[in-house]
Novice: 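Structure in structure tokens, see below.
Letters A, B, ... are given to chains in the order of the sequence lines, protein chains preceding strands, and every chain is numbered from 1.
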Protein chains: 2
Amino acid sequence: MASDHTRTAILNAAERLYADRGFGDVTLRDIVAAANVNLAAVNYHFGSKDELIAELFVTRSLATNRERLNELRNAEEAGGGRAGIDAIFRALVGPTLRGCLGPSSEGSTAARFMIRASIESVPPIRRIKNREVDHLRKFAAAMRRSLPGRAEADLYWALHFALAMAHHTIRERERLTKLSEGVCDLDDVQGIIERVVAVSAMALMGGEAKTKAPARVAARDAR
Amino acid sequence: MASDHTRTAILNAAERLYADRGFGDVTLRDIVAAANVNLAAVNYHFGSKDELIAELFVTRSLATNRERLNELRNAEEAGGGRAGIDAIFRALVGPTLRGCLGPSSEGSTAARFMIRASIESVPPIRRIKNREVDHLRKFAAAMRRSLPGRAEADLYWALHFALAMAHHTIRERERLTKLSEGVCDLDDVQGIIERVVAVSAMALMGGEAKTKAPARVAARDAR
DNA sequence: GATAGTTTCATACAACTGTTTGAAATGCAA
DNA sequence: TTGCATTTCAAACAGTTGTATGAAACTATC
């Protein structure tokens, strides 16, 4: 037990430094200097550098996943076991985008850390991300309940594209601002979420009316 | 001039090693060992490790960009100055997806290197990517010509989402296979391209008929 | 075949990395 | 206070990294 003071000081300093300068050029010595603790404290409290990074990422990651599942559960309860497809996508990408975008994310170390984690891909984080399959399957299941007739492949492709748009927007938000010369407002988080949700739903629906039968989205006029 | 033998041996070995094991844990010593050349040869021929990586990436990157612009030009000429929106997206994501996906990409070192470069983000590569704004603006211009009435923001968001889907598919292709338990066929490159193109077009069109007036895609029922 | 320029080589360099060690300090129970 | 366990600390360790050096080998020109 004890005071935990050193432990949390390390966690805070590490999160801030990694967020600001990336995993690539932050050493344990940088961290302990910022935390005002001894170099050996990291290995004493966490075992290794990788385990420190893993703990940082797992904490934030679990929080996001909890938020997602909360939103999903609420949507399904509101719909009597079946959530609308929009609500499902909103539960999937909303928490991540809200957490990492918008003016508040500039100040939040947690947000900047997660952005960094999505840009640089270090081994300990990759290992954790690979365990997220079960979590995503829950969203696939919700989609299946919501649209029983849909082809499995279309389901997963839509899920995949939703995550693609969300993560890419977080990763490349600066580039998008520069590319569009400020025309794309990265601070309008709710607008972005609805945009991603709408496109994801269209990816699944093939641009047809929401309640209609399956519509293939793929291979039309090849080239 | 001279034989260039050493130079190209380094380039080949480096590309293969980076493709296989990532930038993180391939050292210059690994490279020169695989290339059967002296350690000092890298600094002699390239100046530094970062310049070697940069040269590798620039070469492949320019090739892709050339291919993209070729396809775009062809599409615009075929349409008398105005390419169809599908053709524009196809020119944008086609070369990248064809290069990095499909059974052939397993064998191609170049493809595996570019996949690696899109997963790990090292400083020299990031610097080059940031100079790609001009290149992407050409596609924005083509979209503008194709659909003069469209709002600028919608244009850039669709462009952004197209790249998002393409790159995310490349980055996470293994995860998607595992997640979907093989239901998503990552070897059907043409099918994937058409899927991405269709969704991108829908992102821009808002699910309405292709020739209709602007349709906002964003903020409907917030939450 | 001597000369000048290029390329290769073995080796050293200097710095930095995460981790370990063993002793000192601290906190807490009896 | 005594004793015991936890925590901190300075120092060193062992290994790796990219880069620099200066001599040797080569190549082509005159």
Novice: Specify the separation, in whole Å, of atom CD1 of A:I10 and atom P of C:dG18.
Specialist: 13 Å

Novice: Over how many whole Å does the gap from A:D4 atom CG to D:dT7 atom C1' extend?
Specialist: 12 Å

Novice: Using a strict 4.0 Å threshold on nitrogen-to-oxygen distance, state whether A:E71 and A:R98 make a salt bridge.
Specialist: yes

Novice: Any non-hydrogen side-chain atom of A:D134 less than 4.5 Å from a side-chain atom of A:K138?
Specialist: no

Novice: Rounded to the Å, how far apart are A:L28 CG and D:dA11 P?
Specialist: 19 Å

Novice: Salt bridge check, A:D188 against A:R195: does any charged N sit closer than 4.0 Å to a carboxylate O?
Specialist: no

Novice: Under 3.5 Å, which N/O atoms of the protein pair with N/O atoms of nucleotides 13-16 of chain D?
Specialist:
none

Novice: Which atom pairs, donor and acceptor, lie under 3.5 Å between side-chain atoms of residues 24-34 of chain B and protein residues at least two apart or in another chain?
Specialist:
residue: B:T27; atom: OG1; partner: B:R29; partner atom: N; Å: 3.3
residue: B:T27; atom: OG1; partner: B:D30; partner atom: N; Å: 3.1
residue: B:T27; atom: OG1; partner: B:D30; partner atom: OD2; Å: 3.4
residue: B:D30; atom: OD2; partner: B:R21; partner atom: NH2; Å: 3.0
residue: B:D30; atom: OD2; partner: B:T27; partner atom: N; Å: 3.1

Novice: Looking at residues 30-47 of chain A, who's got a heavy atom less than 4.0 Å off DNA chain D?
Specialist: A:N38, A:A40, A:Y44, A:H45

Novice: Report yes if at least one side-chain N or O of B:T6 is closer than 4.0 Å to OP1 or OP2 of C:dT8; otherwise report no.
Specialist: yes

Novice: Provide the full list of side-chain hydrogen bond (donor to acceptor under 3.5 Å, both in side chains) pairs with a residue in residues 159-173 of chain B, sequence neighbours left out, each pair given once.
Specialist: A:H160-B:T169, A:T169-B:H160, B:E172-B:R175

Novice: Is it the case that over 12 heavy atoms from other parts of the model lie below 6.0 angstrom from the CD atom of B:E132?
Specialist: yes

Novice: Could you grab the distance from atom CZ of A:R144 to atom OG of A:S146, nearest 0.5 Å is fine?
Specialist: 12.0 Å

Novice: So for the helix from C:dG1-D:dC30 to C:dA30-D:dT1, with five pairs setting each end axis, what is the inter-axis angle to 10°?
Specialist: 0°

Novice: If you take any heavy atom closer than 4.0 Å to DNA chain D, which residues from residues 13-25 of chain B end up in contact?
Specialist: none

Novice: Counting the benzene-type ring for Trp, do A:F113 and A:F23 have ring centres under 6.0 Å apart?
Specialist: yes

Novice: Please round to the nearest 0.5 Å and tell me the distance separating atom CE of B:M114 and atom CD1 of B:I119.
Specialist: 12.5 Å

